[in-house]
Amino acid sequence: MSVSRIKLLPEGPEFSRLVLGFWRLVDPPALNPQQTLTLIETSLEEGITTFDEADIYGNYASEAMFGRALALQPALREKMEIITKCGIKLVSEERPDHLLKHYDTSREHIIGSAENSLKVMQTDRIDLLLIHRPDPLMDPDEIAEAFVRLKDQGKVLHFGVSNFTVRQFELLQSRLSFPLVTNQIEVSLLHQEPFLNGMLDYCLQHKIIPMAWSPFAGGKLFENKDTQQHVRLHNALQAVSNRHHQASVDQLALAWLYKHPARLIPIIGTNRPDRIKSAAQAESIQLSRQEWFELWTAARGQEVP
Ligand SMILES: NC(=O)c1ccc[n+]([C@@H]2O[C@H](COP(=O)([O-])OP(=O)(O)OC[C@H]3O[C@@H](n4cnc5c(N)ncnc54)[C@H](OP(=O)(O)O)[C@@H]3O)[C@@H](O)[C@H]2O)c1
């Protein structure tokens, strides 16, 4: 079964229901361009056509690695959608003028960052550009100016945000004549805050499709810890797996996210083709309402009130 597709707005863009993220692409041992291309090709074979980058990933090296992989097979660009982000400045030998880690959502930085992303990814357009983190000095009018400029020039097709609260999302949206298409937030069995802080309710209300980063809690879901939470969750996952043809932990964690009516798009972060193939099968698992709460309750350690 191929990963399905989802429209973020009635008139587009259309993304795959599962996204591959490249935060860890150049983590040691870093992949080379050919291995990166294999990850991309495996994803495309499974129906994962959307790839998530950020200017800062891999200490500013991930986008360039992705670009080098794409340069090996440039025709693949037409078969994929690229997301990238801007707005964080890291202290790095790659950016000697950054004296401390901080945020920058100035017009100049957003435009400069997006243009650099285009250059290093060796592409003529970004399908979706996100403001990576809410910035306490964020001026929504300035961000809007940068977005309009990039849109008018055809450099960025759509815009969104990441890690924003409902109020921050509304604030930026109030200055734009086009819709922000997503809020990319952390959601997983081990990070349930968006179910409780109103963000997913807001997305449902306004038909905004949210993206869920670190759906496996950055790999913590697979760790063999003997904390009470891990033992409870692993027992519950095993019980649910037994009812679903021994579905794996990654598949159940994704099936759990897919069940939410906000239609979350999970972004996985593996560098292994076999794990991409496994994750791509998760949509076929239909958890019952009771099973969803079985995992919720095990993760939280208490039954619902
Ligand atoms: N917007 C934001 O602020 C933000 C923040 C963080 C991340 N993100 C995005 O979300 C993406 C995913 O984040 P993430 O990497 O933390 O996601 P994740 O998928 O929750 O975790 C990935 C980690 O889990 C391991 N893993 C995956 N499948 C496994 C399996 N079946 N068994 C054991 N280990 C497994 C991976 O190792 P292997 O490589 O060895 O498989 C990797 O270390 C990032 O690449 C990035 O695009 C966005």
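For ligands, and for the atoms within them, numbers begin at 1 and follow the listed sequence. Side-chain atoms are counted along with the backbone in the values below, which use heavy atoms only and exclude waters and symmetry mates. Not measured: the values here are computed from a predicted model. For reference, positions follow the sequence shown, starting with 1.
- Applying side-chain contact (heavy atoms from CB on, under 4.5 Å) to L18 and the options L254, I6, I267 leaves one that passes, L254.
- Counting only distance, with no hydrogens or angles, the side chain of Q173 and the backbone of L180 share a donor-acceptor pair below 3.5 Å.
- Using a 3.5 Å distance cut-off with no hydrogens or angles, the side chains of Q168 and T165 do pair a donor with an acceptor.
- Shown in contact with H132 at under 4.0 Å from a heavy atom are these atoms of ligand 1, numbered in order with element: 1 (N), 2 (C), 3 (O).
- At a heavy-atom cutoff of 4.0 Å, ligand 1 is contacted by no atom of S248, backbone or side chain.
- Of all protein heavy atoms, the one closest to atom 13 (O) of ligand 1 is S214 OG, 3.4 Å.
- Residue N163 has at least one heavy-atom neighbour below 4.0 Å for each of these atoms of ligand 1: 1 (N), 2 (C), 3 (O).
- Ligand-side atoms of ligand 1 in range of S162: 1 (N), 2 (C), 3 (O), range being under 4.0 angstrom from any heavy atom.
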Next item on the list: Please step through salt bridge (Lys or Arg N to Asp or Glu O under 4.0 Å) for the pair E81 and R5, ending with a clear verdict.
Entry: CA-CA 12 Å; E81 304 84 37; R5 302 192 64 69; 3.0 Å; yes
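- At the top of the distance list for atom 19 (O) of ligand 1, counting protein heavy atoms only, stands G269 N, 3.0 Å.
- Between D124 and K155, none of the side-chain N atoms (NZ, or NE/NH1/NH2) sits under 4.0 Å from a carboxylate O, so this pair counts as no salt bridge.
- Using a 4.0 Å cut-off between heavy atoms, Y57 contacts ligand 1 through its side chain alone, with no backbone atom that close.
- Remark: minimum distance from atom 6 (C) of ligand 1 to any protein heavy atom is reached at W213 CE3, 3.1 Å.
- The option from F216, F22, F51, W23 that lies nearest to atom 7 (C) of ligand 1, judged by heavy atoms, is W23.
- In this structure, the protein non-hydrogen atom closest to atom 36 (C) of ligand 1 is T270 CA, 4.3 Å.
- Atoms of ligand 1 found under 4.0 Å from any heavy atom of N271, numbered from 1 in the order shown, are 39 (O).
- Applying the 4.0 Å criterion to heavy atoms of D52 picks out, from ligand 1, the atoms 9 (C), 46 (C), 47 (O).
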Check: Could you walk me through whether K277 and E46 pass the salt bridge (Lys or Arg N to Asp or Glu O under 4.0 Å) check?
Finding: CA-CA 7 Å; K277 288 183 185 170; E46 298 296 328; 5.3 Å; no
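- Every N/O-N/O distance between I268 and ligand 1 stays at or above 3.5 Å.
- Near G21, meaning under 4.0 Å from one of its heavy atoms, ligand 1 places the atoms 45 (O), 47 (O).
- Using a 4.0 Å cut-off between heavy atoms, F222 contacts ligand 1 through its side chain alone, with no backbone atom that close.
- For W256 and F195, the ring centers sit closer than 6.0 Å to each other.
- A cation-pi geometry, defined here as NZ or CZ lying under 6.0 Å from the six-membered ring centre and within 45° of its normal, holds between K151 and F178.
- Of the protein's non-hydrogen atoms, R275 NH1, 3.0 Å is the one closest to atom 40 (O) of ligand 1.
- Note that R95 lies in the cation-pi zone of Y60, set by a 6.0 Å cut-off to the ring centre and a 45° limit from the axis.
- Summary of contacts: the protein heavy atom closest to atom 15 (O) of ligand 1 is R24 NE, 2.5 Å.
- Here the heavy atom of the protein found nearest to atom 24 (O) of ligand 1 is G219 CA, 3.3 Å.
- Looking only at protein heavy atoms, the nearest one to atom 12 (C) of ligand 1 is I267 O, 3.1 Å.
- Under the 3.5 Å distance criterion, with hydrogens and angles disregarded, a donor-acceptor pair is assigned to the side chains of T50 and S16.
- Checking D52, N163, D55 one by one against K85, the side chain to side chain donor-acceptor pair (under 3.5 Å) holds for a single residue, D52.
- Assignment of K85 to the shell around ligand 1 is supported, since a heavy atom sits closer than 4.0 Å.
- Checking E53 against S62 by side-chain atom types alone, a donor-acceptor pair falls below 3.5 Å.
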